[in-house]
Protein chains: 2
Amino acid sequence: MSAAESAVETIQREMTIFARRARASAGRMHPELSLVSYTLLGHLEERDGCRATDLAAHYALDKSTVSRQVAALERAGLVERRVDPEDHRVQVLHLTDAGREILAQVTDSRRAAFRERLADWPQEDLVRFAAYLERYNAGPGGTGSD
Amino acid sequence: MSAAESAVETIQREMTIFARRARASAGRMHPELSLVSYTLLGHLEERDGCRATDLAAHYALDKSTVSRQVAALERAGLVERRVDPEDHRVQVLHLTDAGREILAQVTDSRRAAFRERLADWPQEDLVRFAAYLERYNAGPGGTGSD
DNA sequence: CGTTCTAGTTGTATAGTACAACTTGAGTGA
DNA sequence: TCACTCAAGTTGTACTATACAACTAGAACG
């Protein structure tokens with residue numbers, strides 16, 4: 001096997017390990033906000049509100065899954081639903097102030113954890129690693145882990 | 001914000017994106033072998049057999065989780081348990097031929113996906129990216145995404 | 001020996017997910 | 001206008017992955 005092929009295999013394996021760990025630890029780190037909830041909240045902030053169907057499509061989740069996630073987030077007071085006056089089937093989801101606050105908090109704490117984990121990395125390596133990750137995620141979608 | 005801090009933030013964001021995408025797609029790609037099972041099988045092949053406890057420690061899984069996963073894999077005929085003659089508490093897990101075959105199949109298909117995604121990367125970058133990921137995952141546990 | 005440690009299993013509970021059946025509202029063609 | 005079809009969400013149900021706690025069985029060491 002060439003060095004490139006073996007590197008691809010390593011990348012595949014390590015990304016897989018990371019994905020599994022991320023999910024497991026997200027729950028422990030932030031019992032109030034699972035990785036999915038965090039992601040959905042982030043999406044709502046980014047888009048400044050959207051429909052449940054959009055979330056389902058964007059994250060390849062079943063609409064029932066999104067429905068229950070949103071219901072939980074609403075129960076927790078982190079999002080609110082506003083019925084679209086144009087189409088009464090549609091509920092436009094918005095972050096509440098509390099939701100915005102928790103999202104910011106979790107983002108901070110996640111960032112702190114990453115920072116600690118990467119504390120002894122030389123800056124040059126951090127920058128290069130970050131660039132590789134961006135390049136990977138920005139790459140042609142659909143075939144990798146998308 | 002320093003370049004190092006901004007790099008940390010990028011790493012956090014991109015890793016999160018990756019994790020979310022991987023989670024969404026892992027199950028759909030290989031219905032016959034979950035992400036966890038695949039990872040465990042891969043570990044067994046790499047180490048040429050190991051104990052359930054080692055798997056649990058290495059992947060930060062509860063021993064009960066590993067126990068059930070292994071039981072399922074054994075039921076499927078993909079691994080076999082050999083009681084350690086030195087210590088009868090220990091079961092050394094080994095891939096069966098069927099396990100090796102399925103692992104190879106799934107690895108091929110996953111590798112193809114990754115290879116396609118990484119097709120236009122210079123080998124030098126692949127090797128460095130792989131090294132960074134290994135280093136990240138091997139890093140001090142508990143705080144990042146471990 | 002008995003105590004304590006280790007490897008693994010089993011009981012129980014929870015979260016996240018999918019699929020299917022349903023409800024409600026919107027659009028559309030005769 | 002009315003019936004039919006399509007779209008957005010909800011709810012019933014089932015399954016998987018997971019953790020934690022309680023347990024069994026074997027080993028190690030005094």
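Protein chains get the first letters and strands the later ones, always in sequence-line order, with residue 1 at the start of each.
Atom-to-atom, CG of B/Asp54 to C1' of C/dT6 comes out at 12 Å; the value is rounded to the nearest Å. As a whole-Å value, the separation of A/Asp87 CG from C/dG25 P is 11 Å. Nucleotide C/dA15 holds its C1' atom 14 Å from the CG atom of A/Leu61, rounded to whole Å. Here the P atom of nucleotide C/dT9 and the CG atom of B/Leu55 are 12 Å apart, to the nearest Å. Protein atom CZ of A/Arg51 is 14 Å distant from nucleotide atom C1' of C/dG25, rounded to whole Å. Distance A/His58 NE2 to D/dA8 P: 17 Å, rounded to the nearest Å.
Between A/Arg82 and A/Gln91 there is no side-chain heavy-atom pair separated by less than 4.5 Å. Between B/His58 and B/His43 the shortest side-chain heavy-atom distance falls below 4.5 Å.
Under 3.5 Å, the side chains of A/Ser34 and A/Ser37 contain a donor-acceptor pair of N or O atoms. At a cut-off of 3.5 Å, with distance as the only test, a side-chain donor of A/Tyr38 or A/Thr107 sits close to an acceptor on the other residue.
The side chain of B/Gln91 lies closest to C/dT9, out of C/dT9, C/dC19, C/dT6. Minimum atom distance to the side chain of A/His88 is reached by C/dG25, of the listed C/dG8, C/dG25, D/dG9. Distance from the side chain of A/Arg89 is smallest for C/dG25 among the nucleotides C/dG25, D/dG9, D/dA17.
Listed in residue order, the members of residues 63-81 of chain B having a heavy atom less than 4.0 Å from DNA chain D are B/Ser64, B/Thr65, B/Arg68, B/Gln69.
Ring geometry, B/Trp121 versus A/Tyr136: the interplanar angle exceeds 60°, so the pair is classed perpendicular (tilted spans 30 to 60°).
Taking the charged nitrogens against the carboxylate oxygens, B/Arg135 and A/Asp125 do have a contact shorter than 4.0 Å, which makes a salt bridge.
Contacts of A/Asp62 with the nucleic acid, taken as non-hydrogen atoms under 4.0 Å apart, include base atoms.
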